Amino acid sequence: MTPLQRYIAEEIAIDHADGLLTRREALRRLGLIGLGVAAATSLLAACSSGSDEQSSTSAPVTPGGATPPPPGTADAVGTEAVTFAGPDGRVLQGAWAEAATPRGTVLVIHENKGLTDHIRSVAGRFAGAGYSALAVDLLSEEGGTATFTDQAQATAALATVPPERFVADMKSGVDELGRRAPDKKAAAVGFCFGGGMVWQLLASGEPRLAAAVPFYGPLPEGADFSGSKAAVLAIYAELDARVNASRDAAAAALAKAGLPHEIVTVPGADHAFFNDTGPRYNATAAAEAYERVLAWFGEYLG
């Protein structure tokens, strides 16, 4: 398996270990990304034996018993479906949210489910906070996320794409931000798989990002950020042992490149804690992280 396929396979196995997927569904999804029954069974067993029973899969509630609204939704603006020029003459799809008075721009990178309504919402929240946002669909070449009626098939399709294509598409997203707001600084933010993609974009030597925020994203092997100029806020979750295993290496690579950076590990939170449509959503952690991101953008974008 490629590193990306391995990451996705482990994510499926951990979801099974945490009780979020049945064994049958986990085996089906592992099969879609190319694992045979024997290999898939071994992976499920390994992850189940090492699962953390303390992992949180529910959102903390307020003392009154009501879950607070996801951070930023009160001021969020709507998004519109857009297409824009991609590499090699390809056409890319995305969701665009324009701030009334832009202070900067943000490229939003989705999770391994593709461009979902949740990610569109995140783009709208950033626009509501003053940062025009473009959420790129990294399945554009396959017809777009919306062409997949089975979310697991969308994940499997992402697992087959060479990282070089993802990087090229993200760079086209940065191009599009520059076209739409030529006088504004740009940032990139991504979640889970998308967090890993932000690390990939930084490692590609992309010099145009002023800031970057990877949320609990896997670090590419041998990452070298010497070509980047971004100030990086790397957000991790305390209970996310798998991704946290590369946290120290990320910090070392950022320091070696001389990039301004901060490594934040949110206490009591698990992987994907920012996704308010998912079972590991943590309202308190999400609100804290969102405020940190806006403060980071305020310092490095304007």
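This is a predicted model, so every value here is computed, not measured.
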Spacing of [X] atom [atom1] and [Y] atom [atom2] [to the nearest 0.5 Å]:
{"X": "Lys229", "Y": "Leu202", "atom1": "NZ", "atom2": "CG", "result": "13.5 Å"}
{"X": "Asp169", "Y": "Gln93", "atom1": "CG", "atom2": "CD", "result": "11.0 Å"}
{"X": "Asn275", "Y": "His110", "atom1": "CG", "atom2": "NE2", "result": "13.0 Å"}
{"X": "Ile235", "Y": "Phe191", "atom1": "CD1", "atom2": "CZ", "result": "8.0 Å"}
{"X": "Ile263", "Y": "Leu254", "atom1": "CD1", "atom2": "CG", "result": "5.5 Å"}
{"X": "Thr22", "Y": "Leu27", "atom1": "OG1", "atom2": "CG", "result": "8.5 Å"}

[X]/[Y] ion pair, N-O < 4.0 Å:
{"X": "Arg280", "Y": "Asp240", "answer": "no"}
{"X": "Arg292", "Y": "Glu262", "answer": "yes"}
{"X": "Lys256", "Y": "Asp224", "answer": "no"}
{"X": "Arg165", "Y": "Glu142", "answer": "yes"}

Considering all heavy atoms, the nearest [X]-[Y] contact:
{"X": "Ala157", "Y": "Phe148", "value": "CB-CZ, 3.7 Å"}
{"X": "Pro260", "Y": "Trp296", "value": "O-CZ2, 4.3 Å"}
{"X": "Ala133", "Y": "Ala123", "value": "CB-O, 3.5 Å"}
{"X": "Leu92", "Y": "Pro87", "value": "CD1-CD, 4.3 Å"}
{"X": "Gly302", "Y": "Tyr131", "value": "O-OH, 2.9 Å"}
{"X": "Pro3", "Y": "Glu221", "value": "CG-OE2, 4.1 Å"}

Heavy-atom side-chain proximity of [X] to [Y] below 4.5 angstrom:
{"X": "Arg208", "Y": "Lys171", "answer": "yes"}
{"X": "Ser140", "Y": "Val91", "answer": "no"}
{"X": "Leu138", "Y": "Phe193", "answer": "yes"}
{"X": "Thr73", "Y": "Arg125", "answer": "yes"}
{"X": "Leu177", "Y": "Leu107", "answer": "yes"}

[Y] backbone acceptor or donor facing [X] side chain under 3.5 Å:
{"X": "His16", "Y": "Ile14", "result": "no"}
{"X": "Arg103", "Y": "Gly130", "result": "no"}
{"X": "Ser204", "Y": "Leu201", "result": "yes"}
{"X": "Ser42", "Y": "Ala38", "result": "yes"}

Next item on the list: List the steps, then state whether side-chain contact (heavy atoms from CB on, under 4.5 Å) holds for Leu21 with Arg29.
Entry: CA-CA 10 Å; Leu21 292 175; Arg29 295 189 182 199; 3.8 Å; yes

Next item on the list: Evaluate side-chain hydrogen bond (donor to acceptor under 3.5 Å, both in side chains) for Arg247 paired with Thr265, printing each intermediate quantity in order.
Entry: CA-CA 9 Å; Arg247 180 177 49 199; Thr265 302; 2.9 Å; yes

Check: Hey, would you say the Phe274 and Tyr281 ring centroids sit under 6.0 Å apart?
Finding: no

Next item on the list: Please step through side-chain contact (heavy atoms from CB on, under 4.5 Å) for the pair Ile109 and Val136, ending with a clear verdict.
Entry: CA-CA 6 Å; Ile109 315 298; Val136 59; 3.7 Å; yes

Note to self: Tell me which one of Thr145, Thr83, Thr116 satisfies side chain to side chain donor-acceptor pair (under 3.5 Å) with Asp137.
What the structure shows: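 Output: one option passes, namely Thr145.
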
Next item on the list: Apply side-chain contact (heavy atoms from CB on, under 4.5 Å) to the pair Phe166 and Leu158, showing each step before the final yes or no.
Entry: CA-CA 9 Å; Phe166 288 141; Leu158 285 167; 3.8 Å; yes

Next item on the list: Let me see the working for His271 and Glu11 under side-chain hydrogen bond (donor to acceptor under 3.5 Å, both in side chains), right down to the final yes or no.
Entry: CA-CA 10 Å; His271 187 71; Glu11 190 156 86; 2.8 Å; yes

Next item on the list: Tell me, with the steps shown, if Thr160 and Ile33 meet side-chain contact (heavy atoms from CB on, under 4.5 Å).
Entry: CA-CA 8 Å; Thr160 68; Ile33 64 171; over 6 Å; no

Notebook entry, point to check: Residues in ring-ring contact (aromatic ring centres under 6.0 Å, His included) with Phe225, at least two apart?
Noted result: Trp199

Margin query: Can you confirm whether the side chains of Glu111 and His118 place a donor and an acceptor under 3.5 Å from each other?
Written below: no

Next item on the list: Report the relative orientation of the aromatic rings in Tyr216 and Phe273; use parallel for angles under 30°, tilted for 30 to 60°, perpendicular for over 60°.
Entry: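 Perpendicular: the ring planes of Tyr216 and Phe273 meet at over 60°.
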
Next item on the list: Step by step, work out the salt bridge (charged side-chain N to carboxylate O under 4.0 Å, His left out) result for Arg28 and Asp150.
Entry: CA-CA 12 Å; Arg28 184 182 78 88; Asp150 179 355; 2.8 Å; yes

Next item on the list: Carefully, step by step, assess Thr2 and Arg6 under the rule side-chain hydrogen bond (donor to acceptor under 3.5 Å, both in side chains).
Entry: CA-CA 6 Å; Thr2 66; Arg6 184 166 58 250; over 6 Å; no

Less than 3.5 Å apart, which donor and acceptor atoms pair up between the side chains of residues 180-190 and the rest of the protein, not counting sequence neighbours?
residue: Arg180; atom: NE; partner: Glu176; partner atom: OE2; Å: 2.9
residue: Lys184; atom: NZ; partner: Pro102; partner atom: O; Å: 3.2

